[in-house]
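Beneath this line is the structure, given in structure tokens, with notes to follow.
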Amino acid sequence: MTTLIKGGQVVGVDGAKLQDVFVDGEKIAAVTSPGLLTTADEVIDATGKYVLPGGIDAHTHMEMPFGGTHSHDTFGTGTTAAAWGGTTTIIDFAVQAKGTSLLSTLDKWHEKADGNCAIDYGFHMIVSDVNDASLKEMEACVTAGVGSFKMFMAYPGVFYSTDGEILRAMAKAREIGATIMMHAENGIAIDQLAARAFEEGHTAPVQHGLTRPPELEGEATSRAITLAKVTGAPLYIVHLSASQALAAVAEARDGGQNVFAETCPQYLYLSIEDLAKPDFEGAKYVASPPLRDKSHQPDLWRGLRTNDLSVVSTDHCPFCFKDQKELGRGDFRAIPNGIPGVEHRMDLLHQGVVAGEISLGRWVETCSTTPAKMFGLYPRKGVIAAGSDADIVLYDPVAKQTLSAETHHMNVDYSAYEGFELTGKVHTVLSRGEVVVSPSGFGGSTTHGRFLSRDLNQYLS
Ligand code: DUC
Ligand code: ZN
Ligand code: ZN
Ligand code: ZN
């Protein structure tokens with residue numbers, strides 16, 4: 001089966017160019033000057049559209065256990081919603097529970113995902129139990145295509161690791177070429193602040209933000225960077241939300257350290273004002289790190305321009321307002337942490353292009369090309385080039401849409417972006433040569449997606 005995508009503007013890290021794309025089976029066979037090729041089994045007219053490499057969301061949580069419940073998207077519903085939004089690869093987090101092994105955890109995540117995804121997927125591993133066995137198993141994870149390990153400086157008693165444990169895991173990562181991903185918030189201090197607020201009778205969702213001040217993200221980020229420097233391990237700061245943390249990352253990068261960071265659309269567009277909405281409505285916006293004061297947002301956009309923030313991922317972690325966020329009514333500490341977003345990352349970052357915050361090239365780079373390189377998928381993913389997987393998005397840059405829970409495809413009963421009016425919309429999506437989304441709807445299947453065994457970080461110097 002061959003497909004010719006003609007008349008569109010192919011977008012890469014250097015911007016847009018009028019080019020045609022010829023797909024043979026699952027791969028891109030050629031990228032040519034316009035009009036050079038004329039026939040194929042199927043011809044798709046991309047006139048007026050951008051032709052993008054499929055989005056790569058390097059941070060999602062499908063069916064993730066959290067505080068006695070689990071995130072509401074299955075791998076099936078979540079990857080289908082991702083496809084609707086122009087994302088053709090996710091990297092989800094397998095979560096080691098204390099007292100269990102990394103490899104059994106990986107098996108568990110394969111059981112959930114294999115045969116149940118609409119698009120291709122990989123895994124990171126969350127290490128929450130640092131011991132000799134876990135450290136040894138990190139090597140086997142790398143061999144199994146999982147070369148990135150998330151750790152937590154937050155959530156004492158649950159996922160939290162001490163500085164000593166982090167140091168041990170980083171030393172191992174350095175030895176095997178793996179990247180440590182860090183949730184950088186000072187959880188010990190945060191738990192004190194949260195306990196005091198609760199004891200004083202402050203129970204509303206906004207307390208989640210007030211008791212996790214940005215200084216404690218800045219402090220933890222600096223500490224993680226220092227531990228990485230001491231061990232020589234590559235470090236990737238996940239879901240960076242605060243100016244203080246960004247300053248620490250920028251300084252480390254200026255000093256030549258292998259430190260990278262991602263931010264998420266919620267930190268670019270939402271704020272603590274959303275968390276402060278009355279009648280428990282703020283619970284919809286509880287995630288960690290919390291939504292910040294709007295004054296952080298210009299810094300984050302600048303970070304995206306300067307590449308101190310090199311990736312945009314969603315941290316998609318959907319909990320329903322009605323039966324899940326509800327668990328924390330009367331105690332903000334029990335609100336499940338997470339915001340749904342896997343469907344709208346490409347659209348929301350396109351608004352940054354429309355507003356002149358980032359270039360077209362940076363849009364594609366932060367949402368596809370860099371995550372591919374950062375997590376060992378390039379050039380199989382992340383670029384429109386001969387030999388790459390035919391993961392291709394036709395994007396209509398002038399179509400209008402309004403985001404709403406009524407029309408989204410994520411399996412969650414609210415939208416954090418309800419009523420947002422956007423310019424630009426996904427038109428057609430191909431995953432490995434198959435049209436999975438088109439103007440006539442979803443044409444894919446949740447058995448199509450394949451596990452991606454990943455190489456190591458391709459940026460390490
Ligand atoms: N961190 C994440 O990355 N996702 C959900 C919750 C959290 O704290
Ligand atoms: Zn986290
Ligand atoms: Zn996350
Ligand atoms: Zn439910």
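Note that ligands are numbered from 1 as they come in the structure, with each ligand's atoms numbered from 1 the same way.
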Check for me whether [X] has a heavy atom closer than 4.0 Å to any atom of ligand 1.
X	answer
Phe93	no
Val238	no
His59	yes

Please identify which atoms of ligand 1 are closer than 4.0 Å to at least one heavy atom of [X].
X	result
Asp315	2 (C), 3 (O), 4 (N), 5 (C)
Ser288	1 (N), 7 (C), 8 (O)
His183	1 (N), 7 (C), 8 (O)

Between the side chain of Ser415 and the main-chain N/O of Ser404, is any donor-acceptor distance below 3.5 Å?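 Looks like no, no N/O pair under 3.5 Å.
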For Ser431, does its backbone N or O pair with a side-chain atom of Thr88 as donor and acceptor, under 3.5 Å?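 No: the side chain of Thr88 does not pair with the backbone of Ser431.
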For [X] and [Y], does a side-chain donor sit closer than 3.5 Å to a side-chain acceptor?
X	Y	result
Asn337	Ser288	yes
Asp73	His316	yes
Arg292	Ser241	yes

Name the orientation class of the two ring planes belonging to Phe375 and Tyr236 (parallel below 30°, tilted from 30 to 60°, perpendicular beyond 60°).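 Perpendicular.
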Output, by chain and residue number, all protein N/O/S atoms separated from the Zn ion (ligand 3) by less than 2.8 Å. His59 NE2, His61 NE2, Asp315 OD1
Assess the residue pair Asp347 and Tyr417 against the criterion (side-chain hydrogen bond (donor to acceptor under 3.5 Å, both in side chains)); give the C-alpha distance rounded to whole Å, side-chain angles, the decisive distance to 0.1 Å, and a yes or no. CA-CA 11 Å; Asp347 288 327; Tyr417 304 98; over 6 Å; no
Note: Arg212-Glu217 ion pair, threshold 4.0 Å (strictly below): no
Assess whether a salt bridge exists between Arg329 and Glu326, defined as any Lys/Arg side-chain N lying under 4.0 Å from an Asp/Glu carboxylate O.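 Looking at Glu326 together with Arg329, the answer is yes, because their closest N to O distance falls below 4.0 Å.
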Could you identify the single nearest non-hydrogen protein atom to atom 7 (C) of ligand 1 and state the distance to 0.1 Å? Tyr155 OH, 3.4 Å
Would you indicate which of Met181, Lys150, His61 comes nearest to atom 1 (N) of ligand 1 when only heavy atoms are counted?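 When every heavy atom of Met181, Lys150, His61 is considered, Lys150 comes closest to atom 1 (N) of ligand 1.
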Quick check: His61 with His59 (ring centres under 6.0 Å apart)?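 Distance test on ring centres: under 6.0 Å, yes.
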